[in-house]
Amino acid sequence: MWIAIGAAVVGIILGIWMPYNLTPEMSPYVAISIIAALDSVFGGVAAHMKKTFNITVFFTGFFSNALLAAGLAYLGTVLGINLALAAIVIFGTRMFQNFATMRHILLEKLGKRQKKEVSASEDKENEEN
């Protein structure tokens, strides 16, 4: 977990320190690549919460999804079809599914914690009587 946080901080610092201006022609490819990469990040967090995280799966998915999405956007541009829209729909749907998974896990943990607190207070109350 600390490696991921450290990598994010280093990435942000490098992004600020070495600004790069994108040409308008490159913007759609970068945008769809970022969406694909975010899908991988959400999937990695959800897998970590489910205790099924695998760093190899995460890294290969992160880069292959970004490259595939950019490739689809480029192919769509060449063919005159908006294939980037298909990638946005797929990766966007997966991000919402992963977010829902994370939310369910957090709510389940919160429910268990509240149950323990109620049980502990009932036990304490029974001991007093």
Side-chain angles (χ1 to χ4, degrees):
M1 172 106 169
W2 291 108
I3 293 172
I5 293 171
V9 169
V10 168
I12 291 169
I13 291 169
L14 286 176
I16 293 170
W17 185 59
M18 296 188 305
Y20 179 78
N21 295 327
L22 294 174
T23 63
E25 295 82 25
M26 293 296 291
S27 294
Y29 309 120
V30 173
I32 192 67
S33 295
I34 289 171
I35 290 172
L38 281 174
D39 168 55
S40 295
V41 169
F42 274 63
V45 171
H48 176 72
M49 293 175 79
K50 291 191 287 186
K51 302 201 184 326
T52 60
F53 181 78
N54 182 326
I55 193 73
T56 305
V57 172
F58 173 74
F59 275 122
T60 57
F62 184 87
F63 292 109
S64 64
N65 283 350
L67 289 172
L68 177 64
L72 275 174
Y74 176 74
L75 181 62
T77 302
V78 170
L79 296 174
I81 303 169
N82 192 0
L83 289 179
L85 185 59
I88 290 170
V89 169
I90 296 301
F91 290 124
T93 301
R94 287 179 24 169
M95 277 194 291
F96 280 107
Q97 288 172 341
N98 286 325
F99 184 75
T101 299
M102 292 184 289
R103 185 175 44 87
H104 284 245
I105 292 169
L106 287 173
L107 288 174
E108 185 178 303
K109 287 181 180 180
L110 181 64
K112 286 180 181 178
R113 182 177 295 154
Q114 287 176 344
K115 237 182 195 179
K116 284 182 182 179
E117 289 173 0
V118 168
S119 177
S121 66
E122 286 176 353
D123 291 343
K124 191 175 184 180
E125 194 176 289
N126 288 338
E127 288 175 4
E128 291 175 357
N129 292 333

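For reference, positions follow the sequence shown, starting with 1. Nothing here was measured: the structure is a model prediction, and the numbers come from that model.
Between F42 and R94, the closest side-chain pair of non-hydrogen atoms is not below 4.5 Å. Considering only heavy atoms from C-beta on, T101 stays 4.5 Å or farther from M49 through its side chain. Inter-residue side-chain proximity for I35 and I88 is flagged as met; some heavy-atom pair is nearer than 4.5 Å. Contact of the L72 side chain with the I32 side chain is not registered, since no non-hydrogen atoms from C-beta on lie closer than 4.5 Å.
In terms of hydrophobic clustering, with Ile, Leu, Val, Met, Phe, Trp and Tyr side chains grouped at heavy-atom distances under 4.5 Å, V45 and L106 are assigned to a common cluster. Under a hydrophobic clustering in which Ile, Leu, Val, Met, Phe, Trp and Tyr are joined whenever their side-chain heavy atoms come within less than 4.5 Å, directly or via other members, Y29 and I90 fall into different clusters. Cluster annotation: L107 is not connected to M102 through the hydrophobic network of ILVMFWY side chains, with a link wherever side-chain heavy atoms come within less than 4.5 Å. Cluster annotation: V41 is connected to F59 through the hydrophobic network of ILVMFWY side chains, with a link wherever side-chain heavy atoms come within less than 4.5 Å. Linking ILVMFWY side-chain heavy atoms closer than 4.5 Å, directly or via other members, places M26 and V78 in a single hydrophobic cluster.
Heavy atoms only, all atoms of each residue included: P28 and P24 are closest at CD-O, 3.5 Å. Summarising the geometry of A70 relative to S33, their closest heavy-atom pair is CB-OG, 3.3 Å, with the distance given to 0.1 Å. What you find for A69 and A36 is that their closest heavy atoms are CB-CB, 3.8 Å.
The CG atom of L67 sits 15.0 Å away from the OH atom of Y74 when rounded to the nearest 0.5 Å. Here K109 contributes atom NZ and I105 contributes atom CD1; the two are 7.0 Å apart, rounded to the nearest 0.5 Å. The distance from the CG atom of L68 to the CG atom of L75 is 10.5 Å, given to the nearest 0.5 Å. Taking OG of S40 as the reference point, atom CZ of F63 lies at 9.5 Å (rounded to 0.5 Å).
With L79 as the partner, the side-chain contact (heavy atoms from CB on, under 4.5 Å) test is satisfied by one option alone out of I81, N82, T77: I81.
Residues satisfying the ring-ring contact (aromatic ring centres under 6.0 Å, His included) test with F58, not counting sequence neighbours, are F53, F62.
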